[in-house]
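Only a predicted model underlies this, so the values are computations on that prediction, with no experimental measurement involved.
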Amino acid sequence: MTRYHADFPAVGLRLSPGSTADIGAQLLEGTLDGAFIAGPVPHSRWYTVDAFHGSLVLATDKPLQALPSADELFELLFRAFAPGCHYRHRVESLFDHLGLYGGRIFAFGSNEGILGCVAAAMGYVLLPKTVVEAQRSGFAVYFFDLPSDVGHVVTRFAAMCRAGWSPALVAFERSVRCAGFESALPAASA
């Protein structure tokens, strides 16, 4: 986005965070031209391009040598964003995979709130590694790298079908496609 903004300074970009479900609804309503969406894209009518590849980690208040057992995970509180967030869905999928039904997930509205609770030993969270690393100076948290089959996450740039795109949106999509990003970024709309 830095390069795009430098190349097209007259184009206004609006970035607004939200859950995958909320951002998807805004795309369908036509209130967004495009969005970064973590995880699978729920609508076949959308044009998508992979933008970021990253990994989720289990953030904790103490170092871990191994992933906690299913019983230990069941006893823990997990912090996450509201329902509709892909990262929350990944916690739910982990519970399902381990046969854990009724796992406790509490919703918060910000990374800072979630990581503050984790640092205070009030639960664990699955977040992109880059987010946890960027916030570690403000919070005493540790992280455990998840196996790639659990932790790998793809964030995609999504927009409605290309017909009718503005020249600015065409240029933005091209900049995303050509950038060759290798890291994760929290989902945000463009």
Side-chain angles (χ1 to χ4, degrees), residues 17-28 35-46 48 50-136 139-158 181-188:
S19 70
T20 300
D22 290 342
I23 290 171
Q26 291 176 55
L27 270 176
L28 288 172
F36 290 107
I37 296 181
V41 175
H43 297 281
S44 61
R45 298 181 354 207
W46 294 353
T48 63
D50 289 1
F52 311 102
H53 293 263
S55 58
L56 296 178
V57 296
L58 178 65
T60 68
D61 64 312
K62 58 187 172 292
L64 296 178
Q65 300 303 314
L67 186 64
S69 70
D71 289 338
E72 291 170 320
L73 286 173
F74 184 73
E75 293 300 318
L76 297 171
L77 298 174
F78 271 82
R79 305 296 171 172
F81 292 106
C85 172
H86 177 69
Y87 307 134
R88 180 189 182 105
H89 176 71
R90 294 294 281 269
V91 173
E92 294 165 347
S93 295
L94 178 63
F95 286 166
D96 289 346
H97 176 73
L98 296 172
L100 302 174
Y101 303 100
R104 299 174 296 168
I105 304 172
F106 291 90
F108 276 77
S110 70
N111 288 327
E112 293 82 5
I114 290 170
L115 290 172
C117 286
V118 170
M122 296 172 60
Y124 287 179
V125 66
L126 295 185
L127 283 174
K129 185 175 188 175
T130 54
V131 170
V132 176
E133 287 178 330
Q135 298 281 335
R136 283 181 78 189
F139 300 97
V141 296
Y142 301 86
F143 62 84
F144 179 79
D145 289 302
L146 297 170
S148 63
D149 63 326
V150 175
H152 183 257
V153 65
V154 178
T155 299
R156 295 169 176 89
F157 175 72
F181 291 106
E182 300 277 353
S183 63
L185 182 76

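Heavy-atom minimum distance, Phe81 versus Arg88: O-NH1, 3.0 Å. The heavy-atom pair separating Val132 from Ala59 by the smallest distance is CG2-CB, 4.2 Å. Nearest approach of Leu126 to Tyr87, heavy atoms of both residues: O-CB, 3.8 Å. Smallest separation of non-hydrogen atoms from Phe144 and Leu64: CD1-O, 3.9 Å. The two residues His53 and Val154 come nearest to each other via the heavy atoms ND1-CG2, 3.5 Å. Closest of all the heavy-atom pairs between Ala35 and Ile23 is CB-CG2, 3.1 Å.
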Item to complete: Could you give me the CA-CA distance, side-chain angles and deciding distance for Leu115 and Leu127, then say whether side chain to side chain contact (heavy atoms under 4.5 Å, CB included) is met?
Response: CA-CA 10 Å; Leu115 290 172; Leu127 283 174; 4.1 Å; yes
Item to complete: Determine, stepwise, if the pair Phe106 / Leu77 fulfils side chain to side chain contact (heavy atoms under 4.5 Å, CB included).
Response: CA-CA 7 Å; Phe106 291 90; Leu77 298 174; 3.3 Å; yes
Worksheet item: Which is it for Val153 and Arg90 under the side chain to side chain contact (heavy atoms under 4.5 Å, CB included) test, yes or no, and what are the steps along the way?
Response: CA-CA 10 Å; Val153 65; Arg90 294 294 281 269; 3.9 Å; yes
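Interatomic distance, CG of Leu58 versus CG of Leu94, reported as 8.5 Å (0.5 Å rounding). One finds the CZ atom of Phe143 at 13.0 Å from the CD atom of Gln135 (value rounded to the nearest 0.5 Å). The NE2 atom of His97 sits 7.0 Å away from atom CG of Asp149, with the distance rounded to the nearest 0.5 Å. Distance check: Thr48 OG1 to Ile37 CD1 gives 9.0 Å after rounding to the nearest 0.5 Å. For the atom pair CG (Leu56) and OG1 (Thr130), the distance works out to 9.5 Å, reported to the nearest 0.5 Å. Interatomic distance, CD of Glu72 versus CG of Leu100, reported as 11.5 Å (0.5 Å rounding).
In this structure, the side chain of Arg79 does not engage the main chain of Gly113 through any donor-acceptor pair within 3.5 Å.
Looking at residues two or more places apart in sequence or on another chain, you find a salt bridge (Lys or Arg N to Asp or Glu O under 4.0 Å) between Asp50 and Arg156.
The neighbour count for His152 NE2, taken as heavy atoms of other residues, nucleotides or ligands under 6.0 Å away, is above 12. No more than 12 heavy atoms of other residues, nucleotides or ligands sit less than 6.0 Å from atom OH of Tyr142.
Between Phe52 and Phe36, the ring-plane angle classifies as tilted under the 30° and 60° cut-offs.
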